[in-house]
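This report concerns only the one structure given below.
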Amino acid sequence: MSFVEYSEIIQEGDVVIIFLGHESMMPVMVQSGAQTQTRYGVIRHSGDLIGQRFGSKVTCSKGGWVYVLHPTPELWTVNLPHRTQILYTTDIANITLMLELKPGSVVCESGTGSGSLSHSILRTIAPTGHLHTVEFHAQRAEKAIQEFKEHKVSHLVTVRNQDVCKDGFGITGIADAVFLDIPSPWEAITHAKSAIKRKGGRICSFSPCIEQVQRTCEALLDHGFEEICTLEVLLRVQDVRTVTLPLPDFGPEEDSSSSQVASDLSQDEVQNSGNTSVICRTATPPREMAGHTGYLTFATKPCD
Amino acid sequence: MAECVKDSDAEGRISYGDYVVLKRGDIFKSVQIENKKKVIFEKQWFFLDNAVGQLYGAVFEIEAGGSLKLKAAKHSGDSLDSKEAGQDNRHIMDDGRSQKLSRDDIETLKEQGLKGQEIVQQLIDNSTTFKDKTEFAQEKYIKKKKKKYESNIKILKPSTRLLAMMYHGREPGKICHLRYDTLAQILTLGNIHAGSKILVFETCAGLVLGSVMERMGGYGSVIQMYPGGGPTRAGMESFGFPSHFHKTLHEFPLCKVNALLAGTLDLSEKDGDGNGRSESSQKTSGVSEKSSEPQSMEVSVDPQEEMRRAERERLREQRAQEKKLKMEEKRKKLASAAALLEGRNADGLVIASRFHPCPVLMGLLKFVAPSRPFIVYCQYREPLIECYTKLREQGGAISLRLTDSWLRHYQVLPNRTHPVLLMSGGGGYLLSGTTVAAKARNQHKAEEPVTKRLKLDKISSSCDSSA
């Protein structure tokens, strides 16, 4: 198993995702002899996991069952232990596209935070790219290094514990793309510019507040960046449901022809006996949705 | 522009044969650099020859005659001198007569060879209301005129970002109105990465295929399933991938899927007409017989006529040989694609087409390994609701999600920050999910307590026995 490469069979040392049901999952580190408690009972790593195929159904001790999934950065994002507020897949997907990331890309990122975006970047730039990630919080930097090792991606990433605004990324002139998710991104623009290759590259800054965006755009303009563009993107989930809608009763029909009410309905319906309701398959938005995560500002550094 | 690229210099320079993207403002166009080929872009004709040897990202002006000229480094004369400005627009009358230059006057200026910047200055000088506008309004006016009269063209290396924005802006119908942020979701939710084996079914002019290939970086394999005669690849070609990328690309016709699943797909070698080998030998002997016939028949033979006849024979044989080679080529390709599919262990499935997604999804999911993502794009919502419902019934997939994304651009300027006035209405819908091992009858009961489920199991098994 690796976060950047698929495998078929679960092995000792793998990180797997246990799927317990709708919106309920947990990451587990597979160890010979170990056990994991779930609401459906105990999962024995040696008997139930090691040697099994990813995607299999595993029956727990109480009789209930779960699915064991191969980890992906997307599954990791919704299951990782939060040390900071993280970036979710919707923003990550757009960042990846707009920064033009692909295998071989060299990327600089700050702050590392909980590693949500980091894992996604690593998956995209493997096997020939590299991620230089900077985190000013010592413990978070340590945790990130440890996680990358457990997820077998250490060879693709370098973690530096320093302040990107003061000390930069630790490298210059080799990045295809720079990503900033820090409180004062305008203070890091100079370092970001020097990190990018001389032939040019892309930059992205993520900020929750519009004031931060304004200062960042100004700094980008002052440093000669082009194509400065700010956008926000939100995911709308649709709940697919089958709903039953009752039909009105207008009293008995005056003429002999069949029920007028039912024939007024244009969609194909499955009707209950007595024609009292109609069943529709539809999708509705949930009561609430995520209304804001942050503004994404992109720009291009032209050739020197 | 000074020499600035030391490493991989050649990679950064425009060459003949390259696929590039032309950019003017927010308008993009994909073209291939060809010798002395006339290109039309934004109502202007020009040749790209002068771009060859320059760096990607370079900006050009179009000179009279259609040749490109490298634009000098950015001059800070962008802020055209405007000492005077008003406070607000309470006294400005909009009567359409504030500009003293007529359309003909402007045409004359153009013909005289005035540069865009100079024309803009002329318009400012001849506007009676310019000095009364607020500074913001003056900036907006200059920006608008520049957009119209300056024709700076940037030449860029193709990427998913540029091509997706191009298609969405120019020809959305060709890509089923797939918006670029939706495409971004497809690529990420599908976990498209180097080294995997991905199945793609798309009718988006090859854009989706190309973007999948870009994310694979030439590693792994992509199998394009296609309806009808052959796969559409125009959009993919625009990416300008190096030749080794094409080795990872396979194609398989949809009409042979059932045969493949049933194990009855015929991949044996045969000649052009689909007959066995024996017939082809008969044919060649037939041909040689024919060629000998006229020789014996004719008494007074015109030597030129004879030459022409022999020439025709030779061509006919050559064409038959070429056809045989092509058929063999095609058979080999089909066999290699079938070999990749047979294992039913693809790492992902991407569907984005004008076809009804439900049968496509149900048919192609069979080729995907368990614990792998699949993602279906549809311009409309209802067909995906059907897919969702069918998958729930059938089992074999979890974490089903029907989503669409909301995208908004912002204008960020000091004291003038706000969302852009026009917004995209929609970018299509996505159904995503993860495959799991085989069919689970009790799937929908996963969240009920154990004892209740055991009871229900008893009931359902007794129902089954009576059915």
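Letters go in sequence order (proteins before strands), and every chain restarts at 1. This structure is a prediction, so every number in the text was calculated from the model and none was measured.
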| Distance-minimising heavy-atom pair for A:Leu235 and B:Arg401 | CD2-NH2, 3.4 Å
| task | Quick one: closest heavy-atom pair of A:Pro127 and B:Ala194, and the distance? | result | CD-CB, 3.7 Å
| remark: One should read off an interatomic distance between B:His193 NE2 and A:Ser120 OG, to the nearest 0.5 angstrom, of 11.5 Å
| query | Which bit of A:Pro285 is near chain B, if near means a heavy-atom gap under 4.5 Å: side chain, backbone, both or neither? | reply | neither
| field | Proximal component of A:Ala283, with respect to chain B [non-hydrogen, under 4.5 Å] | value | both
| field | Atom pair CD1 (B:Ile398) and CG (A:Leu20), whose distance is rounded to the nearest 0.5 Å | value | 10.0 Å
| said: If I measure from the heavy atoms of chain B, does A:Val66 come under 4.5 Å with its side chain, its backbone, both, or neither? | reply: neither
| Winner by heavy-atom pair count (cut-off under 4.5 Å) against chain A, out of B:Val412, B:Leu407, B:Thr435 | B:Val412
| Atom group of A:Glu100 that falls short of 4.5 Å from chain B, counting heavy atoms | side chain
| note | What one should report as the nearest heavy-atom pair of B:Gln185 and A:Asn94 is NE2-ND2, 3.4 Å
| Relative to chain A, which segment of B:Tyr219 carries a heavy atom at a distance below 4.5 Å: side chain, backbone, both, or neither? | side chain
| request: Under 4.5 Å heavy-atom distance to chain A, tell me which part of B:Leu384 shows up: side chain, backbone, both or neither. | output: neither
| said: Out of B:Arg372, B:Met216, B:Lys23, B:Glu214, return the one with the most heavy atom pairs under 4.5 angstrom to chain A. | reply: B:Arg372
| request: Taking A:Thr230 for its side chain and B:Tyr410 for its backbone only, find out whether a donor-acceptor pair lies under 3.5 Å. | output: no
| What part of A:Glu232 is in contact with chain B, defined as an atom under 4.5 angstrom from a non-hydrogen atom: side chain, backbone, both or neither? | both
| Does A:Glu227 pair with B:Arg161 as a salt bridge, N-O distance under 4.0 Å? | yes
| Would one find more than 12 heavy atoms of other residues, nucleotides or ligands at under 6.0 Å from atom CZ of A:Arg281? | no
| task | Pick out which of B:Asp404, B:Thr403, B:Leu430, B:Leu431 makes a side-chain contact (heavy atoms from CB on, under 4.5 Å) with A:Gln238. | result | B:Asp404
| remark: Correct closest heavy-atom pair for B:Ser196 and A:Tyr6 would be CB-CD1, 4.4 Å
| query | Considering only heavy atoms from C-beta outward, does the side chain of B:Arg215 approach that of A:Thr96 to under 4.5 Å? | reply | yes
| said: Given heavy-atom pairs under 4.5 angstrom as the criterion, report whether the side chain, backbone, both or neither of B:Ile192 touches chain A. | reply: backbone
| Contact part of A:Arg202 toward chain B, heavy-atom cut-off under 4.5 Å: side chain, backbone, both or neither? | side chain
| query | Is the number of heavy atoms from other residues, nucleotides or ligands within 6.0 Å of CD (A:Gln52) greater than 12? | reply | yes
| said: As an exercise: rank A:Ser24, A:Pro103, A:Gly41 by heavy-atom pairs under 4.5 Å with chain B and give me the winner. | reply: A:Pro103
| task | Tell me, out of A:Lys102, A:Glu8, A:Glu218, who's got the most heavy-atom pairs with chain B below 4.5 Å. | result | A:Lys102
| message | Heavy-atom pairs under 4.5 Å with chain B - which of A:Glu23, A:Glu5, A:Glu74 has more of them than the others? | response | A:Glu74
| message | Under a 4.5 Å cutoff for heavy-atom pairs, which residue among A:Leu97, A:Thr124, A:Leu99 has the most contacts with chain B? | response | A:Leu97
| message | Just so I understand: if I count every heavy-atom pair under 4.5 Å between each of B:Ile385, B:Asn191, B:Asp347 and chain A, which residue has the most? | response | B:Asn191
| message | Below 4.5 Å, heavy-atom pairs only: which of B:Leu400, B:Asp181, B:Asp26, B:Thr160 has the largest tally toward chain A? | response | B:Asp181
| request: Taking all non-hydrogen atoms of both residues into account, name the closest pair between A:Thr282 and B:Arg381 and its distance. | output: OG1-NH2, 4.1 Å
| Which bit of A:Arg53 comes within less than 4.5 Å of chain B, counting heavy atoms only: side chain, backbone, both or neither? | side chain
| In Å, rounded to the nearest 0.5 Å, how long is the span from OG1 of B:Thr389 to CZ of A:Arg241? | 13.0 Å
| request: Dump the intermediate steps for side-chain contact (heavy atoms from CB on, under 4.5 Å) on A:Leu231 and B:Val420, then the final yes or no. | output: CA-CA 9 Å; A:Leu231 55 88; B:Val420 168; over 6 Å; no
| said: Need one label for A:Leu101: side chain, backbone, both or neither, based on atoms under 4.5 Å from any heavy atom in chain B. | reply: backbone
| field | Portion of B:Thr434 that has a non-hydrogen atom of chain A nearer than 4.5 angstrom | value | side chain
| task | Over all heavy atoms of both residues, which pair between A:Gly55 and B:Pro370 is shortest? Give the atoms and the distance, please. | result | CA-CB, 4.1 Å
